[in-house]
Novice: 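Right, I'll just put the structure down here and ask away after.
The figures that follow rest on heavy atoms only: side chains count, while hydrogens, waters and symmetry mates do not. So you know, we letter chains A, B, ... as the sequences are listed, proteins then strands, and number each from 1.
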There are 2 protein chains.
Amino acid sequence: MNRIFRALADATRRDIVARVLTGEQSVSALAARYEMSFAAVQKHVAVLEGAGLVIKRPSGRERFVRGNPERLARARGLLAQLEGLWRDRFSQLDTVFADPSLRE
Amino acid sequence: MNRIFRALADATRRDIVARVLTGEQSVSALAARYEMSFAAVQKHVAVLEGAGLVIKRPSGRERFVRGNPERLARARGLLAQLEGLWRDRFSQLDTVFADPSLRE
DNA sequence: AGTACGTGTAACCATTTGGTTGTAGATTAT
DNA sequence: ATAATCTACAACCAAATGGTTACACGTACT
């Protein structure tokens with residue numbers, strides 16, 4: 001999970017994820033869109049791949065990158081779970097009040 | 001957004017968020033739960049505060065920390081938006097096919 | 001065969017991160 | 001008044017990040 005959130009903590013990488021979710025793109029096609037070096041973009045893609053947010057498919061000399069929505073869903077699930085803790089933050093208190101042993 | 005995801009990219013910090021979402025806790029009460037130094041936990045809380053994931057309320061000599069679900073929702077919203085791109089990844093193609101000028 | 005292209009990796013650099021210890025200020029307890 | 005507690009912050013350190021340039025290797029083009 002650390003790697004997923006860490007990978008998403010960079011605007012360039014979030015942008016790459018958004019692009020490759022709508023359609024496969026080669027690494028060099030991605031690199032052409034950013035003002036940094038090819039190597040930098042290649043490293044960003046490697047980080048995303050390490051986090052499972054992106055999958056590479058080799059084809060000849062190029063690698064096509066596509067997004068993996070499953071991993072996004074995992075991260076979103078964790079956030080939803082945390083928000084659930086907030087929503088149910090009084091449940092323990094409710095349990096106490098509902099406890100028959102306290103009912104006298 | 002960078003700071004939100006970066007703050008969540010650490011297991012200790014995610015744990016802190018989970019704890020303070022269910023109820024306020026002082027910084028030292030939090031620190032007592034982890035095996036690192038007080039200063040380390042204090043820094044983690046500061047990172048979470050900088051990301052807006054957590055809010056501190058001063059009371060006497062201690063600061064009570066509570067979670068801020070709004071920021072979590074923002075992050076979750078971004079993920080949902082990205083997943084939406086995936087879900088609608090053929091919409092542009094659909095638009096092309098639906099284009100009357102191409103219907104001949 | 002030779003050249004150009006796409007990718008990965010290594011070496012390097014500046015900055016950030018996650019941890020430590022120590023110190024200082026403010027508040028509370030004795 | 002003194003001591004203990006809670007918090008913040010500074011200085012330091014090792015490791016990770018995000019970027020660079022240069023090079024090596026496999027594939028495609030002419």
Novice: Suppose we screen for side-chain hydrogen bond (donor to acceptor under 3.5 Å, both in side chains). Which residues come up paired with B:R57, at least two apart in sequence or across chains?
Specialist: B:E24
Novice: Using a 4.0 Å heavy-atom cut-off, write out nucleotides 16-30 of chain C from 5' to 3' as B (base contacted by protein), S (sugar-phosphate only) or - (no contact).
Specialist: -SBBBB-----BB--
Novice: side-chain hydrogen bond (donor to acceptor under 3.5 Å, both in side chains) with B:E83: which residues, sequence neighbours excluded?
Specialist: A:R76
Novice: At what distance, to the nearest 0.5 angstrom, does CH2 of A:W86 lie from CD of B:E70?
Specialist: 10.0 Å
Novice: Check whether any side-chain N or O of B:S28 sits under 4.0 Å from OP1 or OP2 of D:dT7, and answer yes or no.
Specialist: yes
Novice: Round to a whole Å and report the spacing from CD of B:E49 to C1' of D:dC9.
Specialist: 14 Å
Novice: Just list the side-chain donor-acceptor pairs under 3.5 Å for residues 13-22 of chain B, sequence neighbours left out, or say none.
Specialist:
residue	atom	partner	partner atom	Å
B:R13	NE	B:A7	O	2.8
B:R13	NH1	B:H44	ND1	3.2
B:R13	NH2	B:R6	O	3.2
B:R14	NH1	A:N2	OD1	3.0
B:R14	NH1	B:L8	O	2.7
B:R14	NH2	A:N2	OD1	2.6
B:D15	OD2	B:R19	NE	3.0
B:D15	OD2	B:Y34	OH	2.5
B:R19	NE	B:Y34	OH	3.3
B:T22	OG1	B:R19	O	2.9

Novice: Within the pair A:Q42 and C:dG8, is there a side-chain N or O less than 4.0 Å away from OP1 or OP2?
Specialist: yes
Novice: If only atom types and distance count, is the side chain of B:N68 paired as donor or acceptor with the main-chain N or O of B:G52 below 3.5 Å?
Specialist: yes
Novice: A:L30 CG to C:dG6 P: how many Å, rounded?
Specialist: 13 Å
Novice: For the backbone of B:V54 and the side chain of B:R71, can you confirm whether one donor and one acceptor N or O come within less than 3.5 Å of each other?
Specialist: no
Novice: D:dC6 P sits how many Å from B:K56 NZ, rounded?
Specialist: 15 Å
Novice: If the helix axis at each end comes from five base pairs, how far does the helix from C:dA1-D:dT30 to C:dT30-D:dA1 deviate from straight, to 10°?
Specialist: 20°
Novice: For A:E49, check side-chain hydrogen bond (donor to acceptor under 3.5 Å, both in side chains) against everything at least two apart and list the hits.
Specialist: A:K56
Novice: Using modelled atom types and a 3.5 Å cut-off, is there a donor and acceptor pairing between side-chain atoms of A:S26 and backbone atoms of A:A29?
Specialist: yes
Novice: Are A:R63 and C:dG8 close enough that a side-chain N or O sits under 4.0 Å from OP1 or OP2?
Specialist: yes
